[in-house]
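Both ligands and their constituent atoms are indexed starting at 1 by order of listing. All heavy atoms count here, side chains included; hydrogens, waters and symmetry mates do not.
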Amino acid sequence: MSEPKKLYIKTYGCQMNVYDSERMSETLGGQGYVETQSPDDADMILLNTCHIREKAAEKVYSELGRFKGLKAEKPDLKIGVAGCVAQAEGEEIMRRQPLVDLVVGPQSYHRLPEMEAKTRTGAKALDTDFPEEDKFEKLKNRPNAKRGPTAFLTVQEGCDKFCAFCVVPYTRGAEVSRPADRIIREAQDLVERGVREITLLGQNVNAYHGAGANGDMTLAGLIWELNKVDGLERIRFTTSHPNDMADDLIEAHGTCEKLMPYLHLPVQSGSDRILKRMNRSHTAESYLRLIERIRAARPDIVMSGDFIVGFPEETEEDFQATMDLVEEVKYGYAYSFKYSTRPGTPAAERPQVDPDAADNRLQRLQALITQHQREIQDAMVGRKVKVLFEKSGRLPGQMVGKSEYLHSVHVSDADVAVGELRGVQITASGANSLAGALI
Ligand code: SAM
Ligand code: SF4
């Protein structure tokens, strides 16, 4: 039997890229590839890239430059670029870095086997189309291999919202939802292979409207269907847009037992003037009222968000409105970014904020978010939570898992296996995690 070929995939960016990398790896498994953790012994290197913020493309070029020596030693080594930089730069990547053999956009991953075969003839392969066929159906099924207790599952891709700062509608294309029966089948398969928690993914996951048995299904409808899957213990979803937070989804947070009390709901800014300039089509007030309704349905829900500071024309007063909104919501987690100019997006042409002022605002915002994050985490001490154990900890006998609120929880001398869901009494709160004892 011939030696399997080795594939090294490096993943940048969001959870959707993590999911895509898994599917690409499994698809290339059909070509005789197994994954390796080191580029040095790889027969194929694939960079799955992200284009959401500046310098992403430059980082990819410098990473590619580092493979020059390897390629010289091993002329048969194939190097590919996937993901949103591949989509945005296309052929330019091969022009600037001739050692690249393959460039594949996010909608063409199912064509990887043919593309890989083409590179083996010495030719280059490029595909940045938005084909009609269902990529997910054409991608090779996940093999029967065991999985860890948590998995991502993409249910929706692309975006039609065109926020003025964002490249996603250009790199990932128009919003598309996968049919519900295929998602349920994939979830059942994951559960059979050991998965206990599934996070449904989409750039705008709550805009999901995939075909169901009786017409289009909402995200809440899909969650209720997944709630029936035996062996699946937990359901999460990300990322949501405030305007697509439908009543049935809010209600599900109060009534669906497997849906976890955690919600990532980006707002980007607390200033209505800036939200309008961002083309967000919600106001700070409408967002706050929405959170009130969500908390009425599920009072203990932990909120998470995304923020951009230093968006073009943001004043100190606009920034203060963001700080006020954060003070009111009190996020358990939040991701904040300095605005990054994306060529081709409407905001790129507008007057930019002084970078030092933007840095200073980012620091102030992050300090406030960290303070709330810590307060919410500390308030868990003394409470009983349920932990899904995911791996061994650094200390002997220690096990680590996640609570329903997504906090990391460490338990010492824990007589539990990976994949077990157990009650834990929280005893202490550290910098980024909680400690507890099995109940
Ligand atoms: N669809 C989600 C939403 O509308 O909230 C967000 C998806 S986007 C991939 C993830 C986050 O990246 C955004 O919420 C935003 O905070 C950030 N982001 C997007 N474009 C950015 C830019 N040009 N500069 C800085 N941050 C950006
Ligand atoms: Fe980008 Fe999200 Fe806005 Fe869509 S809704 S354009 S993905 S930030």
| said: Out of Arg53, Met16, Lys161, Gln203, who is nearest to atom 26 (N) of ligand 1 when you count heavy atoms only? | reply: Arg53
| query | Is the closest basic N to carboxylate O distance between Asp189 and Arg185 below 4.0 Å? | reply | no
| task | Determine, using heavy atoms of Arg280 and all atoms of ligand 1, whether some pair is separated by less than 4.0 Å. | result | yes
| Looking at Thr239, which atoms of ligand 1 are within less than 4.0 Å of one of its heavy atoms? | 2 (C)
| said: Tell me whether Glu328 at atom CD has more than 12 heavy atoms from other residues, nucleotides or ligands lying less than 6.0 Å away. | reply: no
| Contact atoms of ligand 1, heavy-atom distance to His241 under 4.0 Å | 4 (O)
| task | Would you mind checking if Lys161 and Asp244 are paired as a salt bridge, meaning a charged N to carboxylate O distance below 4.0 Å? | result | yes
| remark: Numbered in order shown, the ligand 1 atoms found under 4.0 Å of a heavy atom of Phe165 are 19 (C), 20 (N), 21 (C), 22 (C), 23 (N)
| request: Taking the side chain as every heavy atom from C-beta outward, state whether Tyr33 and Glu116 have any atom pair closer than 4.5 Å. | output: yes
| task | May I ask you to decide whether Glu91 forms a salt bridge with Lys124, counting only side-chain N to carboxylate O separations under 4.0 Å? | result | no
| note | Taking only non-hydrogen atoms of Pro169 and a 4.0 Å limit, the atoms of ligand 2 in range are 6 (S)
| Which ligand 2 atoms does Phe165 reach within 4.0 Å, using its non-hydrogen atoms? | 8 (S)
| query | Which residue supplies the protein heavy atom nearest to atom 24 (N) of ligand 1, what is that atom called, and how far is it? | reply | Ser340 N, 3.0 Å
| task | Considering the heavy atoms of Phe162, write down every atom of ligand 2 situated less than 4.0 Å from one of them. | result | 6 (S)
| Does the protein put a heavy atom under 4.0 Å from atom 22 (C) of ligand 1? | yes
| NZ or CZ of Arg96 within 45° of Tyr61 ring axis and under 6.0 Å | yes
| said: Any heavy-atom pair between the side chains of Phe389 and Val424 that's under 4.5 Å? | reply: yes
| request: For atom NZ of Lys338, decide whether the heavy atoms of other residues, nucleotides or ligands shown that lie under 6.0 angstrom number more than 12. | output: yes
| query | For ligand 1, which atoms, with element, lie under 4.0 Å from some heavy atom of Pro266? | reply | 5 (O)
| said: Assess, by modelled atom type and distance only, whether the side chains of Glu316 and Gln320 contain a donor and an acceptor separated by less than 3.5 Å. | reply: no
| request: Give the contacting part of Phe337 toward ligand 1: side chain, backbone, both or neither, where contact means a heavy-atom distance below 4.0 Å. | output: side chain
| Of the backbone and side-chain N, O or S atoms of His241, does one lie nearer to atom 4 (Fe) of ligand 2 than 2.8 Å? | no
| task | Could you tell me whether the side chain of Arg361 reaches within less than 4.5 Å of the side chain of Val353, counting heavy atoms only? | result | yes
| note | Of all heavy-atom pairs linking Gln203 and Gln156, the shortest is N-OE1, 3.0 Å
| request: Check whether any N, O or S atom of Cys166, backbone or side chain, sits closer than 2.8 Å to atom 1 (Fe) of ligand 2. | output: yes
| note | re atom 4 (Fe) of ligand 2, the protein heavy-atom contact at minimum distance is Cys159 SG, 2.2 Å
| query | Of all the non-hydrogen atoms in the protein, which one sits nearest to atom 6 (S) of ligand 2, and at what distance? | reply | Cys163 N, 3.3 Å
| Is ligand 2 under 4.0 Å from a heavy atom in the side chain of Thr239, in the backbone, in both, or in neither? | neither
| field | The one among Asp244, Ile308, Asp306, Thr345 that brings a heavy atom closest to atom 10 (C) of ligand 1 | value | Asp306
| query | Should you measure from each heavy atom of Asn204, which atoms of ligand 2 turn up under 4.0 Å away? | reply | 4 (Fe), 5 (S)
| Of the protein's non-hydrogen atoms, which lies at the shortest distance from atom 16 (O) of ligand 1, and what is that distance? | Gln268 OE1, 2.7 Å
| field | Carboxylate-amine/guanidinium contact Asp101 Lys118, below 4.0 Å | value | no
